[in-house]
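First the structure, in the form of structure tokens, and then the observations on it.
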4 protein chains.
Amino acid sequence: MEFKDNKPIYLQIVDLCFHKVLKREWKEEERVPSVRELAVSLEVNPNTVMRSYDYLQSEDIIYSKRGMGYFARQGAYEQTLELQRKSFYETDLLEFFNKMNLLNISVKDIVAAYNKQSK
Amino acid sequence: MEFKDNKPIYLQIVDLCFHKVLKREWKEEERVPSVRELAVSLEVNPNTVMRSYDYLQSEDIIYSKRGMGYFARQGAYEQTLELQRKSFYETDLLEFFNKMNLLNISVKDIVAAYNKQSK
Amino acid sequence: MEFKDNKPIYLQIVDLCFHKVLKREWKEEERVPSVRELAVSLEVNPNTVMRSYDYLQSEDIIYSKRGMGYFARQGAYEQTLELQRKSFYETDLLEFFNKMNLLNISVKDIVAAYNKQSK
Amino acid sequence: MEFKDNKPIYLQIVDLCFHKVLKREWKEEERVPSVRELAVSLEVNPNTVMRSYDYLQSEDIIYSKRGMGYFARQGAYEQTLELQRKSFYETDLLEFFNKMNLLNISVKDIVAAYNKQSK
DNA sequence: GTGGTCTAGACCACC
DNA sequence: GTGGTCTAGACCACA
């Protein structure tokens with residue numbers, strides 16, 4: 001997989017995992033790929049994936065069972081959605097509006113662009 | 001001034017300068033604050049401001065006159081606006097829409113949030 | 001049964017066995033649960049229990065009769081008590097006192113806490 | 001420095017840092033040793049110290065300023081004391097009492113041992 | 001100089 | 001097989 005280089009790889013992997021959870025590809029209480037598996041498939045070092053999983057664990061999205069692997073937590077979907085929404089509304093959106101104002105772009109323009117791309 | 005942690009300070013200063021230009025606080029062909037002045041008022045290391053000015057220079061927003069300081073270029077406003085709009089439409093907006101879809105947030109929600117904040 | 005995360009499961013099982021011996025639930029020269037039985041009741045892998053039993057055997061607390069299972073040794077109680085007391089006085093207690101000093105906790109506080117919990 | 005091997009080195013370093021804070025060797029809002037410095041003096045890999053500092057950062061004991069190093073937080077002392085006391089009372093102490101009961105050791109014995117060692 | 005990220009490779013305990 | 005820790009060494013961005 002390809003990674004951007006303006007953001008740490010391990011955080012991009014975290015985003016990817018969020019995506020999996022939100023798309024229900026990672027189901028609650030089920031096993032997720034092992035560190036090594038994911039490392040191979042993403043073509044990164046296992047340590048890097050480990051770091052992502054550490055992060056996800058600290059956010060209560062996954063947990064580890066010794067010698068057995070990592071599992072998605074009960075409530076992982078809700079937890080992820082809430083987390084992401086919060087950061088969206090509290091950070092992304094405000095910056096977005098600021099930039100709109102600064103560049104003299106109206107809501108109408110945004111809506112137009114949205115309709116265009118979703119066609 | 002307070003800076004965020006997730007973005008290099010020198011780029012946050014660049015953003016701030018863009019802001020000044022777009023708000024016409026930095027007028028074309030007029031002198032802008034010296035590296036030292038800006039460093040003092042922002043409470044950062046002069047090297048950091050230097051780096052921001054280097055960047056702005058490479059983007060043709062400002063230029064230096066030896067011994068006299070930095071000046072906003074003729075056409076700085078247009079240049080900045082175009083630059084920012086381009087990155088807005090080609091990058092920010094697409095990411096924004098992707099995130100909206102992922103988090104199940106509709107355009108309506110965005111418009112509502114916009115109207116609410118601009119009150 | 002629930003296990004803690006900061007200590008290997010097999011050692012937690014060992015502790016549990018010590019407990020049984022000291023509480024006279026495992027009587028000397030009598031049969032103790034088979035590896036499989038214990039594994040089922042604790043909901044762990046038989047290998048894990050096997051490892052605990054190996055450990056107990058190496059400490060002369062239990063022994064195996066081929067085809068008949070495991071038995072508590074003659075003298076298991078004394079052996080366990082001595083073992084545990086030794087490690088308690090030589091290791092646990094010193095660390096405990098160090099931590100008390102560091103956190104400015106007096107013996108009085110400890111005694112108070114003890115009386116409170118034993119009510 | 002010597003480390004035990006029943007506990008990850010990075011956590012032993014964390015304990016050491018707690019100790020520094022509680023002994024007022026690390027003063028609030030002052031710089032603490034850089035990752036590399038501490039790594040050299042403890043004879044461990046910088047990554048390992050980094051990990052300890054990450055942990056301390058997540059516990060709000062220290063924070064980093066880019067390119068400038070790590071600093072003890074305002075309130076680090078209180079924060080550390082509270083953290084340690086909490087884990088002491090909620091975990092260490094209970095286990096300690098359990099073991100005492102199991103091994104038939106009385107509070108008197110503990111007090112005696114304490115007086116003896118503090119002479 | 002500082003923190004921070006990443007890789008490669010090793011070793012261990014655990015299940 | 002799994003997670004977890006550690007080392008060595010490299011490279012980058014930042015101040």
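In what follows, every chain begins at residue 1, and chains take the letters A, B, ... in the order their sequences are listed. Computed from a predicted structure; not experimentally measured.
- Taking the six-membered ring for Trp and the full ring otherwise, the centers of C:Y53 and C:Y10 sit at least 6.0 Å from each other.
- Between D:N6 atom CG and F:dT5 atom P there is a gap of 13 Å when expressed in whole angstrom units.
- Atom CD1 of B:I13 and atom P of F:dA13 are 17 Å apart (whole Å).
- The side-chain tip of C:K65 points at the ring of C:F71 from less than 6.0 angstrom away and within 45° of straight on.
- Taking for each of A:K65 and A:P8 the nucleotide of DNA chain E with the nearest heavy atom, the 5'-most of the two is the partner of A:P8.
- Two residues are said to be in side-chain contact when any heavy atoms from C-beta on lie closer than 4.5 Å; D:I62 and D:R73 fail this criterion.
- Ion pair D:E30/D:R24 not flagged as a salt bridge, since none of the NZ, NE, NH1 or NH2 atoms sits closer than 4.0 Å to an Asp/Glu carboxylate oxygen.
- One atom, NZ of A:K7, and another, P of E:dT5, lie 12 Å apart when rounded to the nearest Å.
- A stem is defined here as three or more consecutive Watson-Crick or G-U pairs, each with both distances under 3.5 Å; for DNA chain E these stems are E:1-14 with F:1-14.
- The pair D:E28-D:K20 does not count as a salt bridge, with every side-chain nitrogen at least 4.0 angstrom from each carboxylate oxygen.
- Under the 6.0 Å cut-off for aromatic ring centres, C:Y70 and C:Y63 do not qualify, their centroids lying 6.0 Å or more apart.
- Partners of C:D60 under the side-chain hydrogen bond (donor to acceptor under 3.5 Å, both in side chains) rule, at least two apart in sequence or in another chain, do not exist in this structure.
- In this structure, A:I62 atom CD1 and F:dT2 atom P are separated by 15 Å, rounded to whole Å.
- Residues from residues 34-49 of chain A placing a heavy atom under 4.0 Å of any atom in DNA chain F, listed by number, are A:S34, A:V35, A:R36, A:E37, A:N47.
- An OP1 or OP2 oxygen of E:dT2 is reached within less than 4.0 angstrom by no side-chain nitrogen or oxygen of D:S64.
- The interatomic distance linking D:R51 (CZ) with F:dC6 (P) rounds to 7 Å, in whole Å.
- Between C:F18 and C:Y77, the gap from one ring centroid to the other reaches at least 6.0 Å.
- When heavy atoms are screened at a 4.0 angstrom cut-off, D:Y53 is found touching no nucleic acid atom at all.
- Nucleotide E:dA13 holds its C1' atom 8 Å from the OH atom of C:Y10, rounded to whole Å.
- The phosphate of F:dG3 (OP1 or OP2) has no side-chain N or O of A:R66 nearer than 4.0 angstrom.
- As rounded to whole Å, 14 Å separates atom C1' of F:dT5 from atom CG of D:D54.
- The shortest distance between side-chain heavy atoms of A:K23 and B:L102 falls below 4.5 Å.
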